[in-house]
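A short write-up of the structure that comes next.
Letters A, B, ... are given to chains in the order of the sequence lines, protein chains preceding strands, and every chain is numbered from 1. All values below were derived from every heavy atom in this structure, side-chain atoms included, with hydrogens, water molecules and symmetry-related copies excluded.
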Amino acid sequence: MKWIDIKAGFKDFWNEFKNVKFGLFGLILLFIFILAVFLNPYIVPFPEASSRWRDITYWEDNPVSAPPVWVNWFSSTKRAPSLIIREHTFSEEKMRKMKLTRTIFEYEYSYDLPPLDVIFHGYAKGSPVIMLNIERPDGRIVELVRRPISKSDGKIVRISIAKDTRIESYNFGAKYESPEQNRIIREMVKPTSILFSEAKEGILVHPTPLKGAYKIIAEIILPSETDVVEDVYLSLSGSVSGWLGTDNSKRDIWSGVVAGVKWALLIGLLTAFTAVSIGVIYGVMSAYLGGWRDSLMQRIFELFVGIPLLPVLIVMSAIFKPSIWILIIMMSCFFWVGPVKTVRSMGLQIKEETYIEAARALGSSSSRIIFKHMVPLLIPYSFASMALYVPSAIVYEASISLLGLGDSTIVTWGQILHDALTGGAVINGLWWWVIPPGLFIALMGMTFAFIGFAMDKILHPKLRTR
Amino acid sequence: MYWKYCIKRIIYGLAIFIVLIFIYSALFNTTMESTLRSQIEEEIHAETMRLDTRMTPEELTRYINERREFKQHLYHLDKPIWKRIVWRALNVLSLNFGKATIIRSSAGESDVWTIIAECLPRTVLLFTTAIFINIILGLWLGIKKAQKAGELLDKTTSIGTMIVYGMPSWWLGMLVIMFFAYTIRIFPSGGLHSIPPPTGLAYYTDLFYHMTLPVLTLVIIGFWGSAFLIRNIVLSILQEDYIMAARTRGIPERKVLYGHAMRTAAPPIVTMALLSLLASVGGNIIFEGIFSWPGLGNLYWISIEQNDIPVLMGNLFVTTALYIGGLVILDLIYGFLDPRIKVGGKQ
Amino acid sequence: MADTNDILKVENLKINFFTRKGKVYAVDDVSFSLKKGETLGLVGESGCGKTTTVLGLMKMIPPPGKITGGRILIKGEDIIPLSEDEMREKIRWEKISMVFQGAMNCLTPVYTIGKQMMETVQEHKEMEYLQAKKRIINYLNLVGLPEDIIRRYPHELSGGMKQRVVIATALFLEPEIVICDEPTTALDVVVQAQIINLIKRLKKKLGLSVIFITHDLATEAEVADRLLVMYAGKLVEIGTNEQIYGKRGPIHPYTEKLLKATPRLHEKVEELSFIPGTPPDLVDPPSGCRFHPRCLEVMEKCKKDIPSLIEVEPGHWIACWRNTND
């Protein structure tokens with residue numbers, strides 16, 4: 001096949017293809033998916049989701065099983081979303097050798113339900129002392145915590161208001177609560193719901209949100225010149241979080257789902273390509289060689305066909321615990337049977353053509369005839385097949401992962417669904433955990449279905465023209 | 001002619017099954033044996049508990065070793081590996097699957113074959129019902145689409161086919177359960193029947209009540225595909241010369257369509273239906289699991305979770321047998337329906 | 001040409017195909033008549049409109065085609081206004097039937113021959129099973145096939161046998177007009193001869209009026225009395241075999257080329273004669289006479305005006321400017 005022929009072939013094909021509307025739509029979707037893979041770090045709040053999926057420290061600041069932020073649009077009770085505040089105003093005072101710095105974070109609270117936690121982050125060198133206060137819109141200032149940092153060359157500081165300020169918040173609230181209600185057990189108190197509520201009776205049991213501008217003030221004492229606290233930021237853990245909410249391990253689902261795109265594409269395309277390539281070559285060879293070789297190849301083929309794919313795949317995965325690459329190879333080893341029957345009958349037809357006979361008479365070798373004359377005719381069919389196999393491959397991998405047998409070092413949509421299932425998402429109605437991964441599987445399936453069916457339509461025009 | 005074809009297909013099927021059993025036995029030999037060994041140890045342990053306790057430690061050890069050797073000999077574990085594989089394969093072929101480690105049948109038995117035989121009909125019931133409905137709906141829509149090919153109905157329903165093409169049935173099942181069983185509580189979330197199961201006619205209505213959600217899910221995903229395939233089959237037949245010839249002869253359209261066309265379409269359509277059924281047998285492990293439908297697929301999943309290797313292997317063997325058997329039956333039916341195979345070639 | 005002996009009269013028949021690429025003028029203003037007992041040959045290149053014309057006679061034009069003008073009179077009655085039901089019940093197969101080309105694929109593969117024939121008979125005539133069966137066997141014998149063909153499936157028969165079945169099926173309702181659409185094209189030479197002889201015998205015996213389509217002039221000469229020549233959807237010549245093959249009188253340049261292209265066994269063949277160029281695209285046919293781009297005797301007038309059929313001798317019509325000038 002000369003390059004010019006291939007180019008001309010593609011051009012003809014493209015001319016036909018662009019007339020099929022849903023095919024174009026499929027291509028656009030595919031393009032969006034591919035774009036998502038490349039733009040992955042920029043469109044998700046947790047770019048390292050893929051490699052740090054099981055690292056609980058990465059997800060620490062997120063709420064557990066929180067719905068997505070846009071739930072607020074549909075609800076009259078507005079919940080505070082998760083947020084990271086990096087901007088701050090900074091001032092320092094020097095007192096002889098010590099420095100006193102003030103870092104102020106501003107937070108506009110206009111919701112009905114407060115954030116679940118407010119966490120101060122910093123990187124400390126030396127032995128500074130960090131004090132956190134919060135200044136409310138009603139002017140009251142609550143001293144939250146005083147934390148000395150033990151001496152070190154550098155360590156991460158993380159102060160969580162929800163965990164570390166129970167006593168202080170309780171004391172604050174108790175001042176305004178009626179005596180009867182004061183009998184609430186301190187341990188049951190949620191600091192943020194006290195701090196962000198109006199200072200009046202009921203603050204501990206039925207809080208009314210206090211909306212307005214809040215300031216979270218970090219006063220840091222740096223005893224010596226080498227002491228410093230840098231990289232400070234505030235992260236708020238909301239009751240709604242992220243584009244697709246969080247799961248019960250606090251992971252941002254949107255980040256996980258987007259991280260899964262590349263794996264789905266990889267699994268699907270690689271498996272489909274390998275399997276169809278093997279299948280087409282096998283079918284053509286079987287057709288061309290004919291005779292006892294054809295019969296033998298057909299018997300082997302029937303052997304593979306008799307294997308029920310999913311059960312065997314499951315057992316093999318359970319025993320051999322494969323990585324994703326081995327899984328792809330395993331799937332290819334079974335998927336290849338798909339195109340063989342059709343390709344073989346097409347091959348048998350082509351074999352009867354006189355130009356094949358002519359080629360043989362001219363002394364062409366078998367492999368030359370197969371690869372130069374027969375296979376190129378099958379390329380359009382091969383591509384249509386490949387497109388239609390991608391969704392199957394993705395679903396099989398998802399099934400294996402759903403059973404917990406998949407490669408746990410990577411994030412695939414199947415893995416997320418496995419966690420959803422074992423995490424009780426269905427029973428607890430955590431729809432944002434269950435719907436998106438499967439939806440993406442379906443969407444990617446739909447994309448390749450559009451493309452594959454469009455190609456198939458071109459190959460088999462159903463309306464005869466005279 | 002046809003008989004020759006039948007016998008050929010059956011022999012091939014059997015041959016393939018036997019070869020596969022041997023392959024499975026070889027591949028999974030180690031796993032199965034380690035289970036067997038631990039089962040043996042358990043048996044010996046149970047035996048020693050029932051013994052007369054006046055034996056000395058040496059006598060006890062000797063006894064254990066004797067029993068172990070005996071049992072290992074019984075289960076051929078002392079033979080070279082290929083003999084073990086052969087023996088295991090032969091066992092399987094005679095339906096002797098051994099005993100389950102953890103799973104029990106509803107009557108409490110641990111014989112693997114009993115457990116499997118109990119689950120099998122449930123799977124068949126569920127999927128045959130779903131496929132049956134799929135085909136009926138698929139025929140109705142597919143024929144309509146073929147008659148008005150290229151028009152609006154055809155195009156829009158084809159889009160529907162493509163939308164559900166890559167949708168995992170078990171995921172849709174999860175959604176359906178979340179909606180119909182938890183949000184609006186009108187259907188049960190799974191299981192075969194209520195506990196305790198009602199008797200008489202109510203038993204059957206209860207069964208159907210529990211089947212509704214799974215069947216609904218299967219039909220939503222499946223019927224688009226059948227309609228599309230049937231449409232393609234019927235359409236390509238409608239464009240054949242003999243259909244035009246029949247019309248030219250003055251045969252009314254109804255007879256042309258439902259007689260000539262559909263009769264010719266019968267072999268491929270039946271093939272399609274049976275293949276879907278077979279695919280369900282092999283592929284709906286997770287689906288049954290989601291709906292807690294105690295069929296073969298669910299058993300598979302449970303046996304993986306519980307690490308009950310005998311049941312797992314037994315299940316695998318039975319599934320493969322069903323699968324290959326189904327393929328053979330498919331060929332036989334196809335040959336029966338298509339006179340070109342049934343009656344054979346030229347004179 | 002008005003003749004009460006005309007069993008079929010076609011007047012200015014126009015059939016167009018409305019395709020995505022444009023309107024195809026497949027049959028453009030074709031007029032001819034068929035007398036009772038006569039065999040009319042219809043010749044022309046592939047794609048010239050022969051099959052479309054005869055499909056039009058049965059109103060079986062496949063979409064996107066439609067009859068857009070003219071009249072088709074069978075025994076004086078115009079069938080174009082008839083509804084589909086009327087066509088199916090009264091006209092098709094009862095008044096006019098067809099022997100298809102390439103008998104390969106016009107028999108339903110899943111029904112026995114007997115079932116298909118019985119179905120056709122019972123659809124048209126109120127006949128008892130045994131009576132119908134008798135008629136079927138009768139006609140099968142007439143075409144030289146044994147009775148047990150009834151139990152066979154189409155794939156069990158050879159090409160020649162299938163062709164005979166198709167002929168028997170076309171005849172057993174005893175229609176007035178039988179169209180044979182290249183019935184021998186797909187068969188090997190020996191079988192071809194057998195079928196042609198069969199058709200000739202049956203024609204005589206049953207007094208059939210036949211339209212016989214072929215692209216092979218030799219076959220046409222054997223079977224037919226008169227000849228219609230079509231080119232690019234138009235009739236270019238009508239005449240008796242004598243008049244056209246006789247090499248005496250005037251002739252259309254296309255017909256002349258066709259004759260030249262048929263090699264004779266008894267003549268010395270220096271080189272194979274052929275017609276240069278290719279048949280025209282019927283979406284955008286050439287202006288004037290459609291043959292003018294390939295005609296060796298083309299004149300200026302040919303490129304502008306469409307020639308109509310002129311009677312150059314009694315019963316011999318030619319559509320050519322050169323011939324009317326002579």
- Task: Heavy atoms only, distances under 4.5 angstrom: which of B:Ser303, B:Gly166, B:Gly289, B:Gly326 has the most pairs with chain A? Name it, please.
- Result: B:Gly166
- Which pair of non-hydrogen atoms, one from A:Leu439 and one from B:Trp171, has the smallest distance, and what is that distance? N-CZ2, 3.1 Å
- In terms of heavy-atom contacts, A:Ala318 and B:Ile304 come closest through CB-CD1, 4.4 Å
- chain B shares the most heavy-atom pairs under 4.5 Å, among A:Ala449, A:Ala425, A:Pro308, with A:Pro308
- Task: Go through the atoms of A:Ile441 and report whether side chain, backbone, both or neither lie under 4.5 Å from a heavy atom of chain B.
- Result: both
- Does any heavy atom of chain A fall under 4.5 Å from the side chain of B:Phe179, the backbone, both, or neither of them? neither
- Item | Proximity breakdown for A:Phe22 and chain B, heavy-atom pairs closer than 4.5 Å | side chain
- Message: Heavy-atom cut-off 4.5 Å, strictly under: side chain, backbone, both or neither for B:Tyr12 against chain A?
- Response: side chain
- Least distance between heavy atoms, A:Gly445 atom then B:Tyr165 atom: O-CD2, 4.3 Å
- Message: Would you compute the distance between atom CD1 of B:Ile286 and atom NE2 of A:His418 and round it to the nearest 0.5 angstrom?
- Response: 11.0 Å
- Task: With rounding to the nearest 0.5 Å, note down the distance linking CG in A:Leu443 to CE in B:Met167.
- Result: 8.0 Å
- Query: What are the two closest heavy atoms between A:Val305 and B:Tyr323, and how far apart are they?
  - Reply: O-CE2, 3.1 Å
- Item | Neighbour count >12 (heavy atoms, 6.0 Å) for atom CZ, B:Phe187 | yes
- Query: Within a radius of less than 6.0 Å around CZ of A:Phe383, do more than 12 heavy atoms belonging to other residues, nucleotides or ligands occur?
  - Reply: no
- Item | Where A:Val426 and B:Met178 come nearest, the two heavy atoms and their spacing | O-CG, 3.6 Å
- Check whether more than 12 heavy atoms from other residues, nucleotides or ligands sit under 6.0 Å from atom CZ of A:Phe273, and answer yes or no. no
- Separation of B:Ile285 CD1 from A:Leu402 CG (nearest 0.5 Å): 11.5 Å
- Message: Distance check, rounded to the nearest 0.5 Å: B:Ile177 atom CD1 versus A:Ile427 atom CD1?
- Response: 9.5 Å
- Scored by heavy-atom pairs under 4.5 Å with chain B, the best of A:Ala442, A:Gly306, A:Ala398, A:Gly429 is A:Gly306
- Check against side-chain contact (heavy atoms from CB on, under 4.5 Å), B:Ile290 and A:Leu421: CA-CA 9 Å; B:Ile290 298 290; A:Leu421 207 56; 4.0 Å; yes
- Where on A:Val312 is there a heavy atom nearer than 4.5 Å to chain B: the side chain, the backbone, both, or neither? both
- Query: If you measure from CG on B:Leu316 to CD1 on A:Ile307, what distance do you get to the nearest 0.5 Å?
  - Reply: 9.5 Å
- Test item: B:Tyr300 side-chain N/O and A:Pro311 main-chain N/O as donor-acceptor pair under 3.5 Å: yes
- Heavy-atom pair count under 4.5 Å with chain B, highest-scoring of A:Leu417, A:Leu405, A:Val395, A:Leu388: A:Leu388
- Interchain contact, B:Ile163 with chain A, by part (heavy-atom threshold 4.5 Å): both
- So which of B:Lys155, B:Met313, B:Glu305, B:Met174 has the biggest tally of heavy-atom pairs under 4.5 Å with chain A? B:Met174
- Could you go step by step and tell me if B:Ile16 and A:Arg299 meet the side-chain contact (heavy atoms from CB on, under 4.5 Å) rule? CA-CA 9 Å; B:Ile16 290 176; A:Arg299 297 290 88 80; over 6 Å; no
- Message: Does atom CZ (A:Phe320) have a neighbourhood of more than 12 heavy atoms from anything else shown, all under 6.0 Å?
- Response: yes
